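Read the structure below first, then the notes.
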Amino acid sequence: KSNFYIENVYSPLLLNHLSCFLQVILVQVNPGEAFTIQRDDGQFQCITGPAQVPMMSPNGSVPQIYVPPGYVQQVNTHPPHGRAAFAHRDERASKTYERLQKKLKERHGVGGGGGGGLALSKDSPPPSPQKSRGTPPSGGDLQNGLGGKGADEQAQPSTAVTALGKSPGRGKDTESGGRIYIRFLEPLEVQAMCNCLQGVPSEPVSFTTLSCEPDGPSPPRKASGTKSSLVLQWKAPCDNGSKIQNYILQWDEGKGTGAFEQCYYGPQKQYRLTKLSTASRYYFRLAAKNDMGVSEFSDVVHIMTSCSVPAPPLSPELIQSGVTWLCVRWHRPAGSPKEDEISYVLEMEEEGSGYGFQASYDGDELSHTVRNLHRSTTYRFRVRTHKHTLIPIFRTIQPGCPCRLAVKGKPHPTSFRLTWDPPKDNGGSDVAKYVAELSEGLSGSSWNQVYNGSAMECVCGGLSPGCSYQARVHCISPLQVQTPPVPPGPCQPPRVVGKPKAREVRLRWAPPLVDGGSAVSSYSVEMFAPQVDEGWEVYQGSELDCTVGSLLPGRTYGFRLRAANKAGVSVSFTNVTDIICFYTAVSEYRLEWGAAEGSMQMCYTGAALSHEMRGLLPATNYFCRVQAVNVAGVGPFSDAVLCQTPCSVPAPVSSVHTLQRGEDEEDEEARPLLYSSSTCLGLRWEAPCDHGSEIMSYLIDLGERQPILTGPVTKYIIQNLHPDTTYRIRIQALNSLGAGPFSHTFKLKTKPLPPLPPRLECTASSHQTLRLKWGDGPAKAQPTDSLQYHLQMEDKNGRFISLYKGPCHTHKVQRLNESTSYAFRIQAFNEAGEGPFSTVYTFTTPRSPPAPLKAPRVERVDESCEVSWETLPPMKGDPVIYCLQSMQGNSEFKQIYKGSATSYQLPNLSSFTEYRFRVCAIRQCQDAPEIIGPYSSTVILLPPRVDTPGVSGATGSKAAEAQKPNRSLTDEQFSFLIIALLAVTSILIAVAIQYFVIE
């Protein structure tokens, strides 16, 4: 769904040429949308947003515009006469309006009348979006985009649009109407007014103006350049809300016809043009492009390439001089073509100023008058095109007039004395002498010299009495004149010193006959190759000889010389001196060969022009270079040449290994489902060199068996082999060129079949443990046992978990529950692999017996005793009863009580018999026989002692105490006794160590 903003723009520019006014409709296409139009030729063109498409209505009517549901046509018509709607446009809006009118004139002509709608050219890009900057008339009332005929007749409430400033509450009321054009970019609020009633302002709303094409850029400027190239740079113009994507640089290709061609299109802000003509003028213009369109082209600018450097001009000449001015003239460089436009720069330096040379003239004239100079000051001038020519010029030496000329003393009838002061301005040098002149009468027609000297007073004698005289004095400064030097004259051709060598030659020359008035400071030697006009400088210095190296043997070289002094370089070279370097025949060649360019070795020495290399590797790069030798020495090596041998069959496989278990697990997909090390062999080998052609397959030879052809892999598993059998294996690689040689024969053996599982049985059991045994062998493993076992037990979830894995034949399973069945299975394995699991064996743990009781407590009561013991809780619902046994004297234990009570009273005890008692707990199972627990420790009941006559009362008391039954210590008392004994022993040991060892 597209969103179009449609607006009518009146074009008053075409009113003088069209009978009916022309309207332009701007269709705005939002970003991400598309707008399709039909051109005059019947074809359709799709324009993607963001863009503004100008469309023209030839008859002044607004065409029917179909917009999507939910969108309203917004049409604003302008009055057909006058330019009031465009009276308040700013500069930018005026430029946009002029561009729009220009495009309209280009498409329809100035005097055209009819025509259809605005149709885009077939080969041209979509037109640039344009904005209407005009101010519509106020008070226009638009309804649904069309002007109503009775808009003025109906009373409508007006709307005031207030532009908010930067300060809160400050605003500006605009004209009322249905639509307002705002010229300032500030937040806006709307307020309705009717019959002097003012409504509440709306919330402030901010609007953003639409983007458009960039402003016209500034002309490109020259950043650098040579005789055949130019580097142009430019600055980015204002992008008008849409980022500049590319720049369009056009030029006239140096033809000067005014037709421009595109030479650059891209985002950079500089461009380098090459292969240009020397000293040629090129015209350029620049435009910028963004998403909204292309800007106007900049002003056309012309830029010239560099020309050949002209020769330095001759020294400037002084034509005329004044007190504060000098007129200097110079000549065009000798030998420069007349069609070349040469510009001159005259530079001047004031002696003693310290500012150096300053440019005083820049132009193509051959003379110039320098003004506003100081009197009697030395100035130096130089003129340059690309080099400097120095010349000292006459000083302005005229000093000022002497001051305070007066008569000293009283005049005499025939003489008087004149005196004066030195001038305030001596002209830059000391005054050499003064000249006094005298004139008779007041006319001053004739002057006679009366004094010439350095004194500042003189006596004027030989005068006539009673006559009037006029006197004047002037001073004279010395004048020094120095003619400027000129470049030295031509030099004599250089001569060869000694015999030319194969690669160098020594030259020597004499100073020029004419030095130009200044000592020669340097010499320049240029060398020329045969049939080459331009030479290159091989030496520059003040010496009178040089050595030129890096020459080729047997070649002819030309040399020419010129000298330079402070005035410049001699204009012409000396005549060319031809020299032939020493040359001898080649006696031998040396060939170096190697796989790397930096590590080549000598492989051939001889006079032949070819050599055959053997023992090379196929599809391998080799480098070689050749060096020639003659009687003059060893020449340099040639450039290294790359040679590549052709492809060949693959190399043999170097090594074959057995595929290990970890490597086999890395490639689960290639592993067969029924893999067994007894019937399968896993092979792994290293890929050999393919010699330039990719390896396509491998051939595995097993001797008597049929060879196996594999793909381009380095791992393979051979199946359906015999267990415990040795095989001779060799492998061969194949590529597109054929089969390579077989590898060495490798012996690999399959493992024997894995062992069968042993019989599993339970040798001992308790309510928490099961002791299992399997196989025939010792309980402990031997170091040489290769057969191992894997015992597993089923858990609550029905999964088998590992209990033991090792070579032993027994295992004790602990931490089990009483009266519970457990399922076990076992597996045997060795080097051949893992055997099958056994059938599942089920073993049940028995019920647990009651816990042992503590020793019962016995108390004698007259001729009976009461025996009591501790109570045990029921065991998993099974009741617990007790069994009490007693032993009288040395007889056996006999049961005297069995029941659930925890005490028993034994009557009719014998007074002279010793009794022993013990008790145990019995678990009464519901579906099993009773389980008798262990008996407690035995308790002894001693018989009472009988008192004998004649024994003192003390003895009787002791006997009474002896009659009391002896009670055994409880477990807590016994533990406390042991801890106390250990503590006392530790203290005694520590004291002994402290006393006997430390001290």
Side-chain angles (χ1 to χ4, degrees), residues 764-769 771 812 814-818 845-861 864-876 878-890 892-906 909 914-924 930-945 957-958 960-998:
S765 64
S766 67
H767 64 283
Q768 288 185 339
T769 61
R771 188 172 186 83
K812 186 177 182 181
Q814 300 179 355
R815 298 180 181 179
L816 303 178
N817 298 325
E818 63 173 344
T845 57
R847 285 182 170 87
S848 61
L853 300 175
K854 295 182 180 180
R857 295 182 296 275
V858 181
E859 294 183 0
R860 182 182 290 270
V861 180
S864 63
C865 66
E866 184 180 358
V867 182
S868 62
W869 54 88
E870 62 179 338
T871 303
L872 293 180
M875 301 179 65
K876 293 188 177 180
D878 295 338
V880 178
I881 62 176
Y882 306 96
C883 177
L884 178 64
Q885 293 181 352
S886 66
M887 185 178 66
Q888 184 176 2
N890 294 327
E892 297 180 354
F893 279 99
K894 294 181 180 180
Q895 179 177 330
I896 61 175
Y897 172 78
K898 183 177 182 182
S900 59
T902 57
S903 64
Y904 177 75
Q905 188 172 4
L906 180 64
L909 295 179
E914 181 181 286
Y915 291 89
R916 298 177 185 270
F917 298 94
R918 65 178 183 179
V919 67
C920 71
I922 299 174
R923 179 179 181 180
Q924 292 183 332
E930 295 179 346
I931 300 176
I932 302 174
Y935 281 93
S936 66
S937 58
T938 304
V939 178
I940 303 174
L941 178 62
L942 298 177
R945 294 183 182 184
S957 63
K958 293 181 178 179
E961 294 177 359
Q963 290 178 359
K964 295 180 179 180
N966 295 331
R967 295 184 180 182
S968 60
L969 298 175
T970 62
D971 293 340
E972 291 82 0
Q973 295 173 349
F974 185 72
S975 300
F976 178 76
L977 180 60
I978 292 177
I979 292 173
L981 292 176
L982 290 176
V984 172
T985 305
S986 301
I987 293 173
L988 293 177
I989 294 174
V991 171
I993 293 174
Q994 177 71 22
Y995 182 77
F996 293 104
V997 177
I998 298 178

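Here the structure is a predicted model, which is why all the values come from computation and not from measurement. For the numbers below, each heavy atom of this structure counts, side chains included, while hydrogens, waters and symmetry mates do not.
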Checklist entry - Are the side chains of Gln814 and Thr769 in touch, meaning some heavy atoms are under 4.5 Å apart? => result yes
Checklist outcome for this item: NZ of Lys898 to CG of Leu884, rounded to nearest 0.5 Å, is 13.0 Å
Item to check | Between CD on residue Gln924 and CD on residue Glu930, distance to nearest 0.5 Å | outcome: 5.0 Å
Item to check | Taking every non-hydrogen atom, the tightest pair across Val867 and Pro856 | outcome: CG1-CB, 3.7 Å
Checklist entry - Between Val939 and Ala855, what is the shortest heavy-atom contact and its length? => result CG2-CB, 3.6 Å
Item to check | Heavy-atom check, side chain of Glu818 versus side chain of Lys876, under 4.5 Å | outcome: yes
Checklist entry - Between Tyr882 and Leu872, is there a donor-acceptor pair closer than 3.5 Å when you use the side chain of the first and the backbone of the second? => result yes
Item to check | Which atom of Lys854 lies closest to which atom of Ser936, heavy atoms considered | outcome: O-CB, 3.4 Å
Next on the checklist: Taking atom CD as the centre, does Glu892 end up with more than 12 heavy-atom neighbours from other residues, nucleotides or ligands that are less than 6.0 angstrom away?
Outcome noted: no
Checklist entry - Which distance, rounded to the nearest 0.5 Å, do you find between the OG of Ser900 and the CD1 of Ile922? => result 11.5 Å
Item to check | CD1-CD1 distance between Ile932 and Ile881, expressed to the nearest 0.5 angstrom | outcome: 9.0 Å
Checklist entry - Can you name the residues that form a ring pair (Phe, Tyr, Trp, His ring centres under 6.0 Å) with Tyr915, not counting sequence neighbours? => result none
Next on the checklist: So which atom in Pro852 and which in Pro934 form the shortest heavy-atom distance, rounded to 0.1 Å?
Outcome noted: CB-CG, 3.6 Å
Checklist entry - Is there side-chain contact between Ser975 and Ile978, with heavy atoms separated by less than 4.5 Å? => result no
Item to check | Nearest heavy-atom neighbours spanning Val858 and Cys865 | outcome: CG1-CB, 4.2 Å
Checklist outcome for this item: When rounded to the nearest 0.5 Å, the distance separating CZ of Arg923 from CG of Asp878 is 4.5 Å
Checklist entry - Given side chains that start at C-beta, do those of Phe917 and Ile896 come closer than 4.5 Å, heavy atoms only? => result yes
Next on the checklist: Looking at every non-hydrogen atom in both residues, tell me the closest pair between Ala921 and Val880 and how far apart they are.
Outcome noted: CB-CG1, 3.8 Å
Checklist entry - Are Arg916 and Glu914 ion-paired here, with the side-chain N under 4.0 Å from a carboxylate O? => result yes
Next on the checklist: Once rounded to the nearest 0.5 Å, what's the spacing between atom CG of Leu909 and atom CG of Leu941?
Outcome noted: 6.5 Å
